[in-house]
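Reading through the structure tokens given below for one structure.
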Amino acid sequence: MSKKAKMVIDKDFQISQVDERIYGSFIEHLGRAVYDGLYQPGSPLSDEDGFRKDVMEMVRELDVPVIRYPGGNFVSNFFWEDSVGPVDQRPRRLELAWRSLEKNEVGLNEFSRWTKKVDSQMMMAVNLGTRGIADACNLLEYCNHPGGTKYSDMRIAHGVKEPHNVKIWCLGNEMDGPWQLGHKTMEEYGRLAEETAKAMKLIDPTVELVSCGSSNLDMPTFPRWESATLESSYDYVDYVSMHQYYGNRDDDTLDFLAQSDDMEEFIRTVIATCDYVKAKKRGRKKINISFDEWNVWYHSNAADDDITKNHPWQAAPPMLEDIYTFEDALLVGLMLITLLKHADRVKIACLAQLVNVIAPIMTEAGGGAAWKQTIFYPFMHASRYGRGIALMPVMKVTKHDTARHENVTDIESVAVYHEEKEELTIFAVNRTLDEDIQLTTDLRGMEGYRVVEHIVLEDCDLKAVNGAGVQNVYPRSVERSSMDGGMMTSMLHKASWNVIRLGK
């Protein structure tokens with residue numbers, strides 16, 4: 001006999017309007033993300049600008065509204081001037097973060113052209129590691145000023161008449177991390193972020209600025225870092241960044257799927273710290289969250305270490321090429337649910353990354369086929385159906401303990417209501433490994449709604465992966481939800497991602 005759970009969903013139980021930028025992603029000059037990923041000039045698969053048409057089609061399928069660029073650790077030694085102007089005059093550089101060779105064949109203007117092709121916008125990061133305020137201002141002037149000045153006229157001379165109008169800017173990357181080039185103490189970074197933000201907003205008051213938060217939940221300075229840095233930059237920044245990756249290094253799937261609870265606690269602590277700073281500053285402005293790096297990342301660690309230590313200075317080496325399992329897709333679904341539950345404060349989020357590097361989209365080396373990883377599907381579902389108003393379900397559900405977590409709910413769920421389309425979508429993960437669960441959902445507050453579709457991602461093999469021409473893990477529609485008098489009964493199979501769509 002299967003377990004049972006109950007849930008109440010009402011359109012008045014609102015969390016917030018979902019900012020579409022919560023479905024952002026990330027491209028870093030790292031590994032084969034740019035070269036051999038989105039860019040393969042001369043390939044029959046590429047367009048006149050050298051961009052892979054099949055990759056662009058998959059990115060459009062994900063409907064990614066904003067893409068963070070060009071890093072990541074890469075940005076802390078990025079000389080943006082090297083990435084613009086005539087390609088044949090651009091220098092090659094030693095890329096120190098990943099010990100690779102940067103060709104600078106794709107730079108700022110090319111990437112901007114690519115984002116337009118995939119119906120997205122750029123989210124720029126500035127180098128506050130080895131550079132600073134002046135270079136951030138120069139880059140902003142190059143990107144956003146209409147003309148008549150040194151750097152805006154430089155852009156025009158490079159064939160880009162209209163400004164890029166980049167609206168979201170990251171003030172460095174992971175500056176709390178000792179691995180970061182130009183690593184700063186919290187006091188050093190707080191002052192640098194404040195002065196950089198002040199100057200940038202003088203150039204373009206419309207930009208939104210992201211202060212570096214802690215690189216992960218386990219940093220020894222968390223959450224003092226957020227408190228100290230935001231006390232300096234509060235008046236000028238709009239968001240604080242969050243980064244978090246998870247892995248199943250102990251091969252304990254039950255505990256692995258509980259790690260979204262850690263993400264929940266991480267978000268709650270950052271919100272509390274932001275609100276503490278607001279109170280301490282007697283401020284009126286609410287600092288929101290840009291969760292601009294999140295994903296599963298651990299499969300490729302040993303191979304990456306070998307490349308950086310023993311085979312450095314390659315151009316576009318195969319790095320961070322995690323091949324994702326079905327269980328990884330379940331955790332990605334759980335992380336998406338967690339982000340949506342905090343849609344009132346998480347306004348931007350970037351799945352890290354987009355192509356080849358810890359990515360939902362892969363290409364075979366040397367111009368082979370592009371294909372979809374297991375994690376492609378929950379992200380696609382959330383981006384496609386998770387736009388509107390996030391609703392907080394009231395749940396009664398059984399719980400379990402794992403090796404490192406207690407009181408883990410058997411089901412995690414959130415709903416999104418699209419009033420104009422008269423659509424309701426419920427996202428749910430059964431994170432038990434051995435029991436199906438019958439979920440009864442009280443929808444009497446959503447009068448007139450009927451089940452349109454119940455989509456599942458499930459596989460009896462938790463370690464199943466996809467590959468070029470091999471889609472072992474893919475979504476399908478099932479007949480497992482039915483409505484009767486405002487009450488919906490759904491069967492959620494063990495270890496499954498569920499998307500239940502309703503319409504009026």
>> Let's go through Trp497 and Ile337 carefully: what are the C-alpha distance in whole Å and the side-chain angles of both, what is the deciding distance for side-chain contact (heavy atoms from CB on, under 4.5 Å) to 0.1 Å, and is it a yes or a no?
In response: CA-CA 11 Å; Trp497 162 258; Ile337 288 171; 4.2 Å; yes

Could you check whether any side-chain N or O of [X] sits under 3.5 Å from a backbone N or O of [Y], counting only pairs where one atom can act as donor and the other as acceptor?
X: Tyr189; Y: Ser211; result: no
X: Glu435; Y: Thr432; result: no
X: Ser25; Y: Leu351; result: yes
X: Gln180; Y: Met175; result: no
X: Asn288; Y: Tyr239; result: no
X: Asn295; Y: Tyr245; result: no
X: Arg444; Y: Gly486; result: no
X: Glu28; Y: Gln353; result: no
X: Arg404; Y: Phe256; result: no

Inspect the contact between [Y] and [X] and indicate whether a charged nitrogen and a carboxylate oxygen are less than 4.0 angstrom apart.
X: Asp47; Y: Lys117; result: yes
X: Arg268; Y: Glu264; result: yes
X: Lys494; Y: Glu458; result: no
X: Arg68; Y: Glu293; result: yes

More than 12 heavy atoms of other residues, nucleotides or ligands under 6.0 Å from [atom1] of [X]: yes or no?
X: Arg60; atom1: CZ; value: yes
X: Tyr276; atom1: OH; value: no
X: Lys6; atom1: NZ; value: no
X: Asn407; atom1: CG; value: yes

Any side-chain donor-acceptor pair under 3.5 Å between [X] and [Y]?
X: His29; Y: Glu95; value: no
X: His454; Y: Asn498; value: yes
X: Thr402; Y: Asp255; value: yes
X: Asp410; Y: Thr398; value: yes
X: Ser214; Y: Glu226; value: yes
X: Thr374; Y: Asn466; value: no
X: Asn356; Y: Thr363; value: yes
X: Asn173; Y: Asn73; value: yes

>> Does the Lys NZ or Arg CZ of Lys285 fall within the cation-pi geometry relative to Tyr234 - under 6.0 Å from the ring centre and within 45° of the axis?
In response: yes

Atom [atom1] of [X] and atom [atom2] of [Y]: how far apart are they, to the nearest 0.5 Å?
X: Asp328; Y: Lys463; atom1: CG; atom2: NZ; value: 8.0 Å
X: Tyr23; Y: Leu62; atom1: OH; atom2: CG; value: 12.5 Å
X: Asp176; Y: His243; atom1: CG; atom2: NE2; value: 9.5 Å
X: Glu265; Y: His405; atom1: CD; atom2: NE2; value: 10.5 Å
X: Leu443; Y: Met483; atom1: CG; atom2: CE; value: 5.0 Å
X: Asp63; Y: Ser383; atom1: CG; atom2: OG; value: 4.5 Å

> Do Glu453 and Arg384 pass the salt bridge (charged side-chain N to carboxylate O under 4.0 Å, His left out) test, and can you show the C-alpha distance, the side-chain angles, and the key distance before you say yes or no?
Replying inline: CA-CA 14 Å; Glu453 188 177 23; Arg384 182 177 294 177; over 6 Å; no

I'd like to check [X] versus [Y] (side-chain heavy atoms, cut-off strictly below 4.5 Å). Are they in contact?
X: Thr440; Y: Gln438; value: yes
X: Leu462; Y: Thr325; value: no
X: Phe427; Y: Leu336; value: no
X: Leu457; Y: Pro378; value: yes
X: Gln471; Y: Tyr377; value: yes
X: Ser76; Y: Glu174; value: no
X: Met362; Y: Ile323; value: yes
X: Met123; Y: Val210; value: yes

> So Ser496 and Asn430, side-chain hydrogen bond (donor to acceptor under 3.5 Å, both in side chains) or not? Walk me through it.
Replying inline: CA-CA 5 Å; Ser496 64; Asn430 179 348; 5.1 Å; no

> Please walk me through it: do Phe222 and Trp225 pass ring pair (Phe, Tyr, Trp, His ring centres under 6.0 Å)?
Replying inline: CA-CA 6 Å; Phe222 174 73; Trp225 173 275; over 10 Å; no

> Passes side-chain hydrogen bond (donor to acceptor under 3.5 Å, both in side chains), Ser46 versus Gln40? Steps please.
Replying inline: CA-CA 6 Å; Ser46 299; Gln40 288 183 354; 5.0 Å; no

>> Cys274 vs Leu230, test: side-chain contact (heavy atoms from CB on, under 4.5 Å). Steps then yes/no.
In response: CA-CA 8 Å; Cys274 290; Leu230 289 175; 3.8 Å; yes

> Would you call the rings of Phe111 and Tyr69 parallel, tilted or perpendicular, where under 30° means parallel and over 60° means perpendicular?
Replying inline: parallel

>> The criterion is side-chain hydrogen bond (donor to acceptor under 3.5 Å, both in side chains); which residues satisfy it with Asp261, sequence neighbours excluded?
In response: Arg431

>> For Ile500 and Met488: C-alpha separation, side-chain torsions, deciding distance, then whether side-chain contact (heavy atoms from CB on, under 4.5 Å) applies.
In response: CA-CA 10 Å; Ile500 304 169; Met488 182 176 70; 3.8 Å; yes

Closest non-hydrogen atom pair between [X] and [Y], with its separation:
X: Met491; Y: Ile437; answer: SD-O, 3.6 Å
X: Arg21; Y: Glu208; answer: NH1-OE1, 2.8 Å
X: Cys170; Y: Asp292; answer: SG-OD2, 4.1 Å

> Can you check side-chain contact (heavy atoms from CB on, under 4.5 Å) on Val408 and Leu257, steps first, answer last?
Replying inline: CA-CA 9 Å; Val408 178; Leu257 297 181; over 6 Å; no

>> Phe376 vs Tyr324, test: ring pair (Phe, Tyr, Trp, His ring centres under 6.0 Å). Steps then yes/no.
In response: CA-CA 10 Å; Phe376 182 97; Tyr324 288 114; over 10 Å; no

